[in-house]
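First the structure, in the form of structure tokens, and then the observations on it.
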Amino acid sequence: MHIPKHVVLKEVGPRDGLQNEKATILTADKVALIDLLSASGLSYIEVSSFVHPKWIPQLADAAEVLATIKRQQDITYAALIPNKRGLERALTVGIDEASVFMSASESHNKNNINKSIHETYPVLREVVEEAKREGLRVRGYISTVIGCPYEGAIAPQKVREVADALFTMGVDEISLGDTIGVGVPTQVEALLAHLLPHYAADTLAMHFHDTRGTAMANVVKSMEMGITTFDSAIGGLGGCPYAKGASGNVATEDLLYLFDEMNIHTGVQMDRVLAAASFIEQKLTKPLNSKQMEIKRHQEVEQ
Ligand code: HMG
Ligand code: MG
């Protein structure tokens, strides 16, 4: 089995997690969550999203959150950016990395960002070019890389077409999203076998939602194939409101357990991550959906 010495965990909970929660989380609580995450050893936090506030009201306070968090020099603070207007809003408060996003499936793209795939390219190109002029790194998300809630199975060739377009625009990294968590390791293998001859493994990240409990198996398969960057969300929060059936991301603390026990270095401290998870669990007033948090709750009852 191919085991890397190090992997990078990219925390998307404050964005992917909180965009999908019905409960309103106070801006001060979002800031406190991000500050706790900043103290855990994570090197990358996706803080919020500058999409249209009518589409994602939960993250309408993105600018205020970014303006208030205590930033640490060695951490990349990123935000989701759909278009030029979103980038303008983000630049007023400052971000380290802009994450543009689109889908490999036509119908999810239309439902999520109100454009066809071809109409999306010039919108994202404008963002990438402007972000680069501002000296930012740019990440490109591709959603529905294995399955789409409207179209079913997605062929790896479709993902390749979008990946080619994004890399040609100048994105530094592509995060491949199993948005609705339908993928299994054989499909991940087919997808990566199609992409890896064309792109360096360290320019790809995997973003698994765990709707059907297959995310962990998919992470291990991706790692065996040379991928070393994984997105995850504290407490297994997450989901895309414009992808029916999408549920949480693989939980940061569960991935961390896996990497720690396999002696794969992440630089992230479990106790600090659990402290952040407990904090947001209390604010959401519901038990978080991760194995590590389940164990923690049991231990607390026994004490
Ligand atoms: P639209 O309505 O087509 O936008 O929305 P438009 O360009 O036609 O503009 C309409 C009006 O909105 C204009 O105002 C714009 O200025 C304004 P008017 O001139 O009429 O007064 N506007 C904005 N205002 C503030 N901020 C902006 C902005 N953009 C336009 N950024 C748009 C298009 C993309 C904006 C909309 O569809 C949208 O915000 N969609 C976001 C949906 C979303 O956030 N989905 C979840 C994130 S993706 C995800 O979760 C998947 C991921 O995790 C990976 C995975 O799991 O696969 C990343
Ligand atoms: Mg997602």
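Note that the structure is a prediction, hence the values are computed from the model and not measured. When a ligand or atom number is given, it counts from 1 through the structure's own listing order.
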Ligand 1 to Pro82, heavy atom cutoff 4.0 Å, flagged ligand atoms 31 (N), 34 (C)

How close does the nearest protein non-hydrogen atom get to atom 40 (N) of ligand 1, and which residue and atom is it?
Asn112 O, 3.1 Å

Decide if the gap between the ring center of His108 and the ring center of Tyr242 is smaller than 6.0 angstrom.
no

Check each atom of ligand 1 against the heavy atoms of Gly86 and keep those under 4.0 Å away; list them by number with element.
31 (N)

Linking I/L/V/M/F/W/Y whenever their side-chain heavy atoms sit closer than 4.5 Å, directly or via other members, would Met262 and Val188 fall into one cluster?
yes

Cluster check Val268, Tyr44: I/L/V/M/F/W/Y, side chain < 4.5 angstrom:
no

In ligand 1, which numbered atoms sit nearer than 4.0 Å to a non-hydrogen atom of Asp16?
53 (O)

Distance flag for atom 19 (O) of ligand 1, protein heavy atom under 4.0 Å
no

Between Ser143 and ligand 1, which part of the residue brings a heavy atom under 4.0 Å of the ligand: side chain, backbone, both or neither?
both

Among Leu33, Val93, Leu37, Val31, the one residue meeting side-chain contact (heavy atoms from CB on, under 4.5 Å) with Ile69
Val31

Output yes when a protein non-hydrogen atom is found under 4.0 Å of atom 15 (C) of ligand 1, and no otherwise.
no

Which atoms of ligand 1 have any heavy atom of Gln19 under 4.0 Å away?
46 (C), 47 (C), 49 (C), 50 (O)

Carboxylate-amine/guanidinium contact Glu21 Lys283, below 4.0 Å
no

Side chain, backbone, both or neither: which part of Asn83 has a heavy atom under 4.0 Å from ligand 1?
side chain

Report the member of His52, Arg89, Lys115 with the shortest heavy-atom distance to atom 7 (O) of ligand 1.
Lys115

Pairs of nitrogen or oxygen atoms closer than 3.5 Å, one from Thr179 and one from ligand 1: do any exist?
yes

Could any protein non-hydrogen atom be found less than 4.0 Å from atom 12 (O) of ligand 1?
yes

Element-labelled atoms of ligand 1 that are located less than 4.0 Å from some non-hydrogen atom of Phe101:
48 (S)

Testing Glu173, His207, Met206 one by one against Lys10 for a side-chain contact (heavy atoms from CB on, under 4.5 Å), which residue passes?
Glu173

Does the protein put a heavy atom under 4.0 Å from atom 37 (O) of ligand 1?
yes

Can you name the closest pair of heavy atoms from Ile34 and Ile45 and give their distance?
O-CD1, 4.1 Å

Which pair of non-hydrogen atoms, one from Glu161 and one from Tyr121, has the smallest distance, and what is that distance?
O-OH, 4.0 Å

Distance flag for atom 23 (C) of ligand 1, protein heavy atom under 4.0 Å:
yes

Of all the non-hydrogen atoms in the protein, which one sits nearest to atom 32 (C) of ligand 1, and at what distance?
Ile113 O, 4.4 Å

Tell me whether Arg139 forms a cation-pi arrangement with Phe101, defined as NZ or CZ under 6.0 Å from the six-membered ring centre and within 45 degrees of its axis.
no

Asp178 N/O to ligand 1 N/O under 3.5 Å:
no

Which residue pairs pass the salt bridge (Lys or Arg N to Asp or Glu O under 4.0 Å) test with at least one member in residues 175-200, sequence neighbours excluded?
Glu189-Lys221

Check ion pair Arg297-Glu281 (N to O, under 4.0 angstrom):
yes

Can you pull out the closest protein heavy atom to atom 28 (C) of ligand 1? Residue, atom name and distance to 0.1 Å, please.
Arg85 CG, 3.5 Å

Under 3.5 Å: N/O of Phe50 near N/O of ligand 1:
yes

Within the 4.0 Å heavy-atom shell around Leu80, which atoms of ligand 1 are there?
47 (C)

Identify whether the distance between the nearest side-chain nitrogen and carboxylate oxygen of Arg125 and Glu130 falls below 4.0 Å.
no

Could you give me the CA-CA distance, side-chain angles and deciding distance for Tyr77 and Val65, then say whether side-chain contact (heavy atoms from CB on, under 4.5 Å) is met?
CA-CA 11 Å; Tyr77 295 98; Val65 171; over 6 Å; no

Sequence neighbours excluded, the answer for salt bridge (Lys or Arg N to Asp or Glu O under 4.0 Å) partners of Asp35 is Lys70

Please work out, at 4.0 Å between heavy atoms, whether the side chain, the backbone, both, or neither of Ile56 comes within that distance of ligand 1.
side chain

Does at least one non-hydrogen atom of Arg15 fall below 4.0 angstrom from an atom of ligand 1?
yes

Carboxylate-amine/guanidinium contact Lys30 Asp61, below 4.0 Å:
yes

So for ligand 1, is Tyr141 a polar contact partner (N or O within less than 3.5 Å, distance only)?
no

Near the Mg ion (ligand 2), which protein N/O/S atoms fall under 2.8 Å?
Asp16 OD2, His207 NE2, His209 NE2

Could you go step by step and tell me if Met1 and Val220 meet the side-chain contact (heavy atoms from CB on, under 4.5 Å) rule?
CA-CA 10 Å; Met1 184 178 182; Val220 174; 3.3 Å; yes

Using a distance threshold of 4.0 Å (strictly less than), state whether atom 55 (C) of ligand 1 has a protein heavy-atom neighbour.
yes

Taking a hydrophobic cluster as the set of Ile, Leu, Val, Met, Phe, Trp and Tyr residues connected by side-chain heavy atoms closer than 4.5 Å, whether directly or through intermediates, do Ile295 and Val250 fall within one such cluster?
no

Contact list for residues 233-257, test salt bridge (Lys or Arg N to Asp or Glu O under 4.0 Å), sequence neighbours left out:
none

Flag the pair Glu129 and Lys84 as a salt bridge only when some basic side-chain nitrogen lies within less than 4.0 angstrom of an acidic carboxylate oxygen.
no

Considering only heavy atoms of His209, which atoms of ligand 1 have at least one such atom less than 4.0 Å away?
56 (O)

Show the atoms of ligand 1 that are less than 4.0 angstrom away from any heavy atom in Asn114.
1 (P), 2 (O), 3 (O)

